[in-house]
Visitor: 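For reference, the structure I am asking about is given below.
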Amino acid sequence: MPLAKRIIPCLDVNKGRVVKGINFKELKDAGNPVELARRYSEEGADELVFLDITAAEEHREIMKNIVKNVASVINIPFTVGGGIKNLEDARNILLSGADRVSINTAAVIKPELIQELMSIFGRQCIVVALDVRRNYNKEGKNIFFKDGKNYWFEIKTYGGKKSTKIDAIEWAKKVEKLGAGEILLTSIDTDGTENGYDIELINAICNRINIPVIASGGCGSQKDILNVFKETQVDAALAASLFHFEKARLNEVKEYLSENNILIRS
Amino acid sequence: MIRISIFDYGAGNIFSLESSLKRNGAKVSVINDFNNVVEDFDGVILPGVGNFDPALISINKCKRKFLNCIEKNIPILGICLGMEMLFEKSEEGSLEGLKIINGEVLSLPKNRIKIPHIGWNNLDIVNEKSKLFEGVPNNSWVYFVHSYYTMPKDANIITARSNYGISIPASVETNNIYCTQFHPEKSSKIGEKMIKNFVKICTQSK
């Protein structure tokens, strides 16, 4: 049997608490990261993503203690991101118990960092996170057209706050070449809306690269997860509020996907 | 208490492996040399993180002492890269492998499947007598994260296979050397069972 699709709860952490926002704003408290991590690991999460969402903009280090506390209560893969600027930061996070590091802003500022990390830690260790938003101006390379409007997909940095003028599709191809092992693809347009994943964006990226992609942003129900696996070639679906606010339990979601012929780890 | 050492190449997460061993009753030391290993330890783990050449550079510094552990029949568990290092050579690097197992390490086929192989696959256990798989049901889900796979010359040492576009050895076993391409320390409860089995193997070899 081939590879199972992965369901990944995401812990967005701000000041030691898990939070959840809408379009990267209006943060709402969602609980204690260690308790949530333990619960998700026990309920069948296939992996855990931990993002220190304000580390980059506050120019500070990620909270290593929380990473360590989370790592010691789980026995599933663990990806950590937020504010990783160099080799030393990455090493410290890995020493605190992360299996993989996710870089975003730092990779945009200094793309060679991807290569550097890859040569030491191996490709599989490097996740490059893409925070993407539709831009209705005309500077992009790959232009899309919908509802009478032209737009392109732009990479944002510093927790979605800064424009880069970088075309997301071109960037995805470049990070693959530089040594990224996986892409964590977040749509800021759909993030927190709970109206479903950004199928258009996910297809635009997945069809042009050959490394695994995690879909993120917009999950409001188990149906959204089913939909993203049916409509795209994505390898994993990330969800936050769905699990934090107990709208669905992991085991229920996995059962539902299995019943609908998606290969899932039971 | 069973004493297990983890060899650290300085390139990744060994914290989870350490936690898992401790939960299963082992006393763990993280080492970067093999001084006194034969006297002081009941088992050695080569963990699964890093890149082929840098990892070999770090173990080559104490290669003779490592080979001594093998001669003394101390149980060895090689995980992922720790498995690959034991072969003759790898397409990931230009350095020679440790040449403890005959065969080579190849890149997963490009353009047919996504690389790296990241995620959960079923285990097809082909050697049910393997002590590492005691109490592990066939078809159990385990976690892989790798871009290369091993091709042992002697197919009889393969104890389990997995399918990711092609059939790959998921684990091999020879004498007192146990290797997994997947990560037991990341494979939830079933992986924890294998860690427990390795601790038991170390106890029995004492």
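Residue numbers start from 1 in every chain, and the chains themselves are labelled A, B, ... in the order their sequence lines are given, proteins ahead of strands.
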Visitor: Could you give the distance from CD1 (A/Ile120) to CG (A/Leu87), rounded to the nearest 0.5 Å?
Guide: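 So the CD1 of A/Ile120 and the CG of A/Leu87 are separated by 5.5 Å.
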Visitor: Which answer fits A/Ile264, side chain, backbone, both or neither, if we ask what part of it has an atom under 4.5 Å from a heavy atom of chain B?
Guide: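 Just its backbone gets close to chain B.
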Visitor: Could you check whether any side-chain N or O of B/Asp53 sits under 3.5 Å from a backbone N or O of B/Ser94, counting only pairs where one atom can act as donor and the other as acceptor?
Guide: yes
Visitor: Would you call the rings of B/Phe144 and B/Phe182 parallel, tilted or perpendicular if under 30° counts as parallel and over 60° as perpendicular?
Guide: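 Ring orientation, 0 to 90° scale: perpendicular.
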Visitor: Among the options A/Gly181, A/Ala4, A/Pro77, A/Gly97, pick out the one with the most heavy-atom pairs lying under 4.5 Å from chain B.
Guide: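 Top option by heavy-atom pairs under 4.5 Å: A/Pro77.
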Visitor: What part of A/Ser96 is in contact with chain B, defined as an atom under 4.5 angstrom from a non-hydrogen atom: side chain, backbone, both or neither?
Guide: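 A/Ser96 touches chain B through backbone heavy atoms alone.
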Visitor: Is the shortest distance from a Lys or Arg side-chain nitrogen in A/Glu246 or A/Arg39 to a carboxylate oxygen in the other one below 4.0 Å?
Guide: yes
Visitor: Does any heavy atom of chain A fall under 4.5 Å from the side chain of B/His183, the backbone, both, or neither of them?
Guide: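 Answer is neither: B/His183 stays 4.5 Å or more from chain A.
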Visitor: Is the side chain of B/Glu88 donor-acceptor paired with the backbone N or O of B/Gly103 at a distance under 3.5 Å, no angle test?
Guide: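 A pair under 3.5 Å: yes.
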Visitor: Which is it for A/Ile214 and A/Glu182 under the side-chain contact (heavy atoms from CB on, under 4.5 Å) test, yes or no, and what are the steps along the way?
Guide: CA-CA 8 Å; A/Ile214 304 170; A/Glu182 189 161 45; 3.6 Å; yes
Visitor: By a 4.5 Å heavy-atom criterion (distance strictly below it), what part of B/Leu17 contacts chain A: side chain, backbone, both, or neither?
Guide: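 When you check distances to chain A, no heavy atom of B/Leu17 falls under 4.5 Å.
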Visitor: Under a 4.5 Å heavy-atom cut-off, does chain A meet the side chain of B/Glu185, its backbone, both or neither?
Guide: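 When you check distances to chain A, only backbone atoms of B/Glu185 fall under 4.5 Å.
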Visitor: Could you tell me which of A/Ala98, A/Gly44, A/Ala90 has the largest number of non-hydrogen atom pairs under 4.5 Å with chain B?
Guide: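 Looking at each of A/Ala98, A/Gly44, A/Ala90 in turn, A/Ala98 comes out on top.
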Visitor: Using modelled atom types only, decide if a donor and an acceptor are shared between the side chain of B/Thr159 and the backbone of B/Asn127 within a distance under 3.5 Å.
Guide: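 Between the backbone of B/Asn127 and the side chain of B/Thr159 there is no qualifying donor-acceptor contact (under 3.5 Å).
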Visitor: If you count heavy-atom pairs under 4.5 Å between each of A/Ile76, A/Leu95, A/Ile74 and chain B, which one has the most?
Guide: A/Ile76
Visitor: Judged by atom type as modelled, is there a donor-acceptor pair below 3.5 Å linking the side chain of B/Ser20 to the main-chain atoms of B/Ser16?
Guide: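 No, B/Ser20 side chain to B/Ser16 backbone: no donor-acceptor pair under 3.5 Å.
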Visitor: What part of A/Arg6 lies closer than 4.5 angstrom to a heavy atom of chain B: side chain, backbone, both or neither?
Guide: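 Contact with chain B: side chain only.
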Visitor: Between A/Glu176 and chain B, which part of the residue has a heavy atom less than 4.5 Å away: side chain, backbone, both or neither?
Guide: neither
Visitor: Which bit of A/Lys5 comes within less than 4.5 Å of chain B, counting heavy atoms only: side chain, backbone, both or neither?
Guide: neither
Visitor: Could you look at B/Lys189 and say if it's the side chain, the backbone, both or neither that has a heavy atom under 4.5 Å from chain A?
Guide: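 Its backbone and side chain both get close to chain A.
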